[in-house]
Peer 1: 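Dropping the structure in here first, questions after.
These figures come from a predicted structure and were not determined experimentally.
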Amino acid sequence: GPSIKIHFLTARKATAFAPAVRFLIFDRSNFTKSLFWILAEPTKNERNLDRTGGKELLCSHKTGGMKPMIADTKKKRVLRFAAFLLLAAMLLTSCASAGRSTTVSQLQLGEKYLSEMNYSEAIAAFTEAIRLDPNDIQAYLGRAQAYEALEKYEEARDDYTAVIEKAGEMPYTQAQAYAGRAEVYDLTDETEAAESDCSAAIALLDEDGVGEKENIAQALIRELRIRVLQFHAEVCMKLGLYDKAAEDYEKLAELGVNMS
C-alpha cells in the first residue's frame, strides 16, 4: 500500500499510558511533509490483553478480529530499532534533498549574475553554493569565470585548478577548466603554461565519446574545440611554435572555420 505501519503495544503499560499504540506512517507520495506520529487510544480488546508474566503483546489486525501474538523483549527491541533506523533514514534523506535544493538555487543565482556581468554578486552566490557543497564543480567553474572578469587572476587560477582536480571523469568540463586557466596564464604573461593547458584541453576534446557521460550537446563541444584551437594557435605564434599553430589552423579548417 502507500504506507508502512509499525504497530507496538506494551500490554503491561497499556493502563498507565493512555496513548499506548504508536504508528509510524510514511506516505511515499509526499516524502518531506508526511512523516508524523499518530497517538491512538487502546481499543477495548487491547485493554483486556493478558498482562500475566510481564509479557509484551504484538497485535495483528490482518484477520477479521484481533489476533494477539506473544513477542519477547528482544524481538520488541529489534523491531523498535528497525523503526528508528527507518525514521532516521527518512529524515536524513529529506535533509539532504533540501540541502541540495538550496545549493542548486545558489548555483542558478550565480549563473544569473554572471550572465548579467554582475561579477561580485556572482562570486558571492557561487561561494555560498561551494560552502553548501564543497564538491560542486559548476560552482567553482562559475566563480573562476567571475574572478577572471574582475582580473582576480590568482583566485581564478585556483578555482580552475580545483575543477581540473575534481572533474576526473568529466573530460568536457576538464577541458573548459584547462582552457580557462590557459587564458589566465596568458593574461599574466605565463605563455608557456598557457600553451601547455591549451594542449591538455585539445587532447581531452579529441577523445572518443567526449561529453557523453556529461550529456553535452555536440554543438557545444564543437564550439569549445574551435575556441581552444584558435587560442592555442595564437599562443603558439607568440612562442614561435609555428608548426603547432599550422596544425591548429588545419584542424579549424576541417571544422569548417573560415580561415581567410
Side-chain angles (χ1 to χ4, degrees), residues 103-207 210-211 214 216 220-242 244-245 247-249 251-252 257:
T103 303
V104 171
S105 297
Q106 289 297 318
L107 190 61
Q108 291 173 340
L109 186 61
E111 290 169 349
K112 172 181 176 292
Y113 285 134
L114 194 62
S115 67
E116 296 171 352
M117 294 185 290
N118 189 346
Y119 301 119
S120 296
E121 291 298 330
I123 289 169
F126 287 131
T127 299
E128 178 62 13
I130 291 169
R131 186 189 70 80
L132 294 168
D133 183 1
N135 292 315
D136 194 314
I137 294 171
Q138 292 304 316
Y140 282 102
L141 190 60
R143 191 172 69 173
Q145 293 168 349
Y147 277 137
E148 183 180 349
L150 291 177
E151 300 182 3
K152 295 185 176 182
Y153 298 130
E154 184 176 353
E155 292 90 342
R157 186 184 65 240
D158 289 345
D159 277 352
Y160 282 130
T161 300
V163 175
I164 292 168
E165 293 172 350
K166 293 175 180 291
E169 301 299 322
M170 305 166 67
Y172 176 81
T173 301
Q174 265 195 327
Q176 283 184 302
Y178 272 119
R181 196 172 69 175
E183 292 174 354
V184 172
Y185 280 137
D186 185 58
L187 290 167
T188 55
D189 296 323
E190 299 173 79
T191 313
E192 291 182 357
E195 190 280 324
S196 177
D197 273 5
C198 278
S199 295
I202 292 170
L204 287 165
L205 293 170
D206 285 343
E207 289 182 1
V210 61
E214 301 167 75
I216 305 298
L220 293 177
I221 297 172
R222 181 179 182 275
E223 181 182 335
L224 180 59
R225 183 179 283 116
I226 290 172
R227 182 166 68 86
V228 174
L229 285 169
Q230 288 175 331
F231 184 60
H232 186 240
E234 293 174 9
V235 171
C236 287
M237 292 296 289
K238 288 181 184 179
L239 293 172
L241 303 174
Y242 305 118
K244 283 190 173 183
E247 291 175 6
D248 291 335
Y249 289 128
K251 291 180 179 179
L252 287 166
V257 178

Peer 1: Would you say the side chain of Gln230 lies within less than 4.5 Å of the side chain of Tyr249, judging by non-hydrogen atoms?
Peer 2: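 Heavy-atom side-chain distance check fails, nothing below 4.5 Å.
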Peer 1: Run the numbers on Met237 and Tyr242 for side chain to side chain contact (heavy atoms under 4.5 Å, CB included), then give the verdict.
Peer 2: CA-CA 6 Å; Met237 292 296 289; Tyr242 305 118; 3.6 Å; yes
Peer 1: For Lys152, I'd like to know if atom NZ has over 12 heavy atoms of other residues, nucleotides or ligands within 6.0 Å.
Peer 2: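 No - once you tally the heavy atoms of other residues, nucleotides and ligands closer than 6.0 Å, there are 12 at most.
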Peer 1: Charged N to carboxylate O under 4.0 angstrom, Lys251 versus Glu247?
Peer 2: no
Peer 1: Looking only at heavy atoms, what is the nearest atom pair of Tyr113 and Ala125, with distance?
Peer 2: CD1-CB, 4.5 Å
Peer 1: How long is the straight-line distance from CD of Glu234 back to CG of Leu229, given to the nearest 0.5 Å?
Peer 2: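 So the CG of Leu229 and the CD of Glu234 are separated by 11.5 Å.
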Peer 1: Looking at Leu114 and Ala122, what are the two nearest heavy atoms and their distance?
Peer 2: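 Looks like N-CB, 3.8 Å.
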Peer 1: Start with the C-alpha gap between Leu141 and Asp159, add the side-chain angles, then the distance that decides, and say whether side chain to side chain contact (heavy atoms under 4.5 Å, CB included) holds.
Peer 2: CA-CA 7 Å; Leu141 190 60; Asp159 277 352; over 6 Å; no
Peer 1: Check whether any side-chain heavy atom of Val210 sits under 4.5 Å from a side-chain heavy atom of Leu204, and report yes or no.
Peer 2: no
Peer 1: Pairs in or reaching into residues 167-178: which pass side chain to side chain donor-acceptor pair (under 3.5 Å), with residues at least two apart or in two chains?
Peer 2: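 Every side chain to side chain donor-acceptor pair (under 3.5 Å) pair that includes a residue of residues 167-178, provided the two are not neighbours, is Thr173-Glu214.
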Peer 1: For Arg157 and Tyr185, run side chain to side chain contact (heavy atoms under 4.5 Å, CB included): C-alpha distance rounded to whole Å, both residues' side-chain angles, the deciding distance at 0.1 Å, then the answer.
Peer 2: CA-CA 8 Å; Arg157 186 184 65 240; Tyr185 280 137; 3.6 Å; yes
Peer 1: Measure the shortest side-chain to side-chain distance between Asp206 and Arg225 over non-hydrogen atoms and say whether it is less than 4.5 angstrom.
Peer 2: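 The answer is yes, as the side chains (C-beta and beyond) meet within the 4.5 Å cut-off.
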Peer 1: In Å and rounded to the nearest 0.5 Å, what is the CZ to OG1 distance from Arg131 to Thr103?
Peer 2: 9.0 Å
Peer 1: Once you round to the nearest 0.5 Å, how far does CG of Leu150 lie from CD of Gln145?
Peer 2: 12.5 Å
Peer 1: Give the minimum heavy-atom separation between Ala156 and Ala144, together with the two atoms involved.
Peer 2: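 Ala156 and Ala144 have their closest heavy atoms at CB-O, 3.5 Å.
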Peer 1: How close do Ala129 and Leu107 get, counting heavy atoms only, and between which atoms?
Peer 2: CB-N, 4.2 Å
Peer 1: For Ile202 and Asp248: C-alpha separation, side-chain torsions, deciding distance, then whether side chain to side chain contact (heavy atoms under 4.5 Å, CB included) applies.
Peer 2: CA-CA 10 Å; Ile202 292 170; Asp248 291 335; 4.1 Å; yes
Peer 1: Listed by chain and number, what are the side chain to side chain contact (heavy atoms under 4.5 Å, CB included) partners of Thr127, not counting sequence neighbours?
Peer 2: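 Side chain to side chain contact (heavy atoms under 4.5 Å, CB included) list for Thr127, sorted by chain: Ile123, Arg143.
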Peer 1: Looking only at heavy atoms, which two atoms of Ala233 and Ala245 are closest? And how far apart?
Peer 2: O-CB, 3.8 Å
Peer 1: Just by distance, with hydrogens left out, do Tyr160 and Glu148 show a side-chain donor and acceptor under 3.5 Å apart?
Peer 2: yes
Peer 1: How many angstroms lie between SG in Cys198 and CD in Glu183, if you round to the nearest 0.5 Å?
Peer 2: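 It comes to 8.0 Å.
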Peer 1: Do other residues, nucleotides or ligands put more than 12 heavy atoms under 6.0 Å from the CD atom of Glu223?
Peer 2: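 Not more than 12 within 6.0 Å, no.
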Peer 1: How would you list, by chain and number, every residue that makes a side chain to side chain donor-acceptor pair (under 3.5 Å) with Lys244, sequence neighbours excluded?
Peer 2: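 Once residues adjacent in sequence are excluded, the partners of Lys244 under the side chain to side chain donor-acceptor pair (under 3.5 Å) criterion are Glu195.
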Peer 1: For the residue pair Pro134 and Lys166, what are the closest heavy atoms and their distance?
Peer 2: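 Smallest interatomic distance, heavy atoms only, reads O-NZ, 3.5 Å.
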Peer 1: Which residue, Asp197, Asp186, Asp158, forms the salt bridge (Lys or Arg N to Asp or Glu O under 4.0 Å) with Arg181?
Peer 2: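 Among Asp197, Asp186, Asp158, the one meeting salt bridge (Lys or Arg N to Asp or Glu O under 4.0 Å) with Arg181 is Asp197.
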Peer 1: Any side-chain to backbone donor/acceptor pair from Tyr140 onto Asn135? Under 3.5 Å, distance only.
Peer 2: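 Not a single qualifying donor-acceptor pair exists.
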